[in-house]
Amino acid sequence: MRSRRQIYGPDIRFSIRGQRFLTDFPFAAAVRLSTGCTGVLVTERHVLTAAHCIHDGHDYVQGARKLRVGFLRPGARPTLRWVHVKSTRIPRGWIGAPAELSMDYDYALLELRRRQSQPPMHLAASPPLESLAGRRVHFSGFDSDRPGELVYRSCRVQQQTIHLLYQHCDARPGASGSGVYGRLRHGDRWERKVIGVFSGHQWVEVSGEPREYNVAVRLTPPKYAQICYWISGTNSSCLYE
């Protein structure tokens with residue numbers, strides 16, 4: 001079911017155009033993977049994406065062993081500047097997991113061969129819904145039905161489990177791996193931080209009736225700490241946020 005993406009009622013997505021927006025935060029942090037997915041720059045040389053964009057649970061997908069990441073270069077016709085990936089990290093929970101559990105661990109980290117100049121987005125452990133401004137999430141991706149364009153959407157979270165955020169943010173193939181972010185209170189101000197990764201579509205039984213949702217993997221405190229360790233190589237700076 002992960003390959004299917006849903007539009008719920010009117011299509012609420014809109015394309016980000018113009019140099020002013022494409023080079024601005026947070027849109028400049030969105031990147032395209034050479035396997036056809038999306039990712040988000042989370043440090044000067046690390047990209048967060050969905051595990052299924054590079055690995056099917058048993059082996060690397062076609063093209064993943066020569067993986068590249070594309071950064072948008074604005075212009076009359078935006079193009080992509082490609083950067084090679086140095087290494088990849090996938091959680092153990094993804095490897096060989098049964099289908100009903102694999103989505104819980106559908107995230108991966110890519111290390112780029114060289115540092116990038118645009119500002120990355122920061123990560124945070126996914127908070128309770130009441131701590132998320134408007135209970136809303138946002139993400140930008142390279143949806144396949146709008147080739148060459150960065151597509152943004154936002155919607156309210158409908159349900160939350162330990163590992164997943166269920167919502168009706170419109171999406172199409174190509175948006176997988178997008179960094180899902182929300183506005184979180186930090187002292188006296190609100191900050192946008194990545195709290196999950198867009199994974200795909202899932203049917204869920206609610207009050208005995210099947211319902212369909214688009215699903216994001218939550219960065220729980222253990223997942224946040226694991227990704228932080230992958231980035232820094234030490235646990236000393238990986239306290240839960």
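Heavy atoms only: backbone and side chains are in, while hydrogens, waters and symmetry mates are out. Every value quoted in this text rests on a predicted model; they were computed, and no experiment measured them.
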Any side-chain heavy-atom pair of Y60 and L67 under 4.5 Å: no
Check: Y213 ring centre within less than 6.0 Å of H168 ring centre: yes
Geometric class of the W203/H201 ring pair [parallel <30°, tilted 30-60°, perpendicular >60°]: perpendicular
N/O donor-acceptor pair under 3.5 Å between W94 side chain and H55 backbone: yes
Stepwise side chain to side chain contact (heavy atoms under 4.5 Å, CB included) check, F198 with Q167: CA-CA 10 Å; F198 180 60; Q167 32 76 19; 4.1 Å; yes
Exercise: identify the closest heavy-atom pair between G39 and L33: N-CD1, 3.8 Å
Beyond-backbone contact of I54 with L110, side-chain heavy atoms, under 4.5 angstrom: yes
Test item: side-chain donor near acceptor, Y166 and Q202, under 3.5 Å: yes
L132 and I195, any side-chain heavy atoms less than 4.5 Å apart: yes
R114 side, atom CZ; H84 side, atom NE2 - distance, nearest 0.5 Å: 8.0 Å
Closest approach of A175 to R153 (non-hydrogen atoms, all atoms of both residues): CB-NH1, 4.1 Å
Trace of the salt bridge (Lys or Arg N to Asp or Glu O under 4.0 Å) decision for R189 with E191: CA-CA 7 Å; R189 67 183 187 277; E191 294 183 351; 2.7 Å; yes
Test item: D143 side-chain N/O and G174 main-chain N/O as donor-acceptor pair under 3.5 Å: no
Minimum heavy-atom distance N214-A171, with the two atoms named: ND2-N, 4.0 Å
V180 versus A216, closest heavy-atom pair with distance: CG2-CB, 3.9 Å
Derivation of the side chain to side chain contact (heavy atoms under 4.5 Å, CB included) call for V85 and V47: CA-CA 9 Å; V85 171; V47 167; over 6 Å; no
Whether R89 side chain and I227 backbone form a donor-acceptor pair below 3.5 Å: no
Exam field: side chain R68 to backbone W82, donor-acceptor pair closer than 3.5 Å: no
Derivation and outcome, side chain to side chain contact (heavy atoms under 4.5 Å, CB included), residues E111 and W230: CA-CA 9 Å; E111 182 182 0; W230 285 345; over 6 Å; no
Distance, nearest 0.5 Å, that separates OG of S126 from CD1 of I162: 12.0 Å
In one Ile/Leu/Val/Met/Phe/Trp/Tyr side-chain cluster, 4.5 Å: F14, Y181: yes
Pairwise side chain to side chain donor-acceptor pair (under 3.5 Å) hits with a residue in residues 127-137, at least two apart: R136-S154
Stepwise side chain to side chain contact (heavy atoms under 4.5 Å, CB included) check, V217 with K223: CA-CA 10 Å; V217 179; K223 292 175 188 173; 3.5 Å; yes
Close side-chain approach of I7 and R13, heavy atoms under 4.5 Å: yes
CD1 on I95 to CD1 on I90, rounded to 0.5 Å: 5.0 Å
Path from V151 to V137 over hydrophobic side-chain contacts below 4.5 Å: no
Side-chain heavy-atom pair Q158, R211 within 4.5 angstrom cut-off: no
E44 vs Q116 side-chain heavy atoms within contact, under 4.5 Å: no
Nearest-0.5 Å distance, CG of residue L41 to OG1 of residue T49: 12.0 Å
Atom of A29, atom of M121 and distance for their closest heavy-atom approach: CB-CG, 3.7 Å
Sub-4.5 Å side-chain heavy-atom contact between T161 and D104: no
Geometric class of the H138/Y152 ring pair [parallel <30°, tilted 30-60°, perpendicular >60°]: parallel
F139-L129 co-clustered via ILVMFWY side chain contacts under 4.5 Å: yes
Distance, nearest 0.5 Å, that separates CD1 of I16 from CG of L150: 6.0 Å
Inter- and intrachain pairs under disulfide bond (SG atoms under 2.5 Å apart), touching residues 122-165, at least two apart: C155-C169
Single-linkage hydrophobic cluster, 4.5 Å side-chain cutoff, F27 and V83 together: yes
K193 versus L123, closest heavy-atom pair with distance: CD-O, 4.0 Å
Side-chain heavy-atom pair L72, F142 within 4.5 angstrom cut-off: yes
D56 (side chain) donor-acceptor with V61 (main chain) under 3.5 angstrom: no
Listed once per pair and sorted, the side chain to side chain donor-acceptor pair (under 3.5 Å) pairs that draw on residues 24-42, sequence neighbours left out: none
Cluster link V157 to Y8, ILVMFWY, side chain under 4.5 Å: no
Approximate separation, where rounding is to 0.5 Å, of L165 CG and L219 CG: 9.0 Å
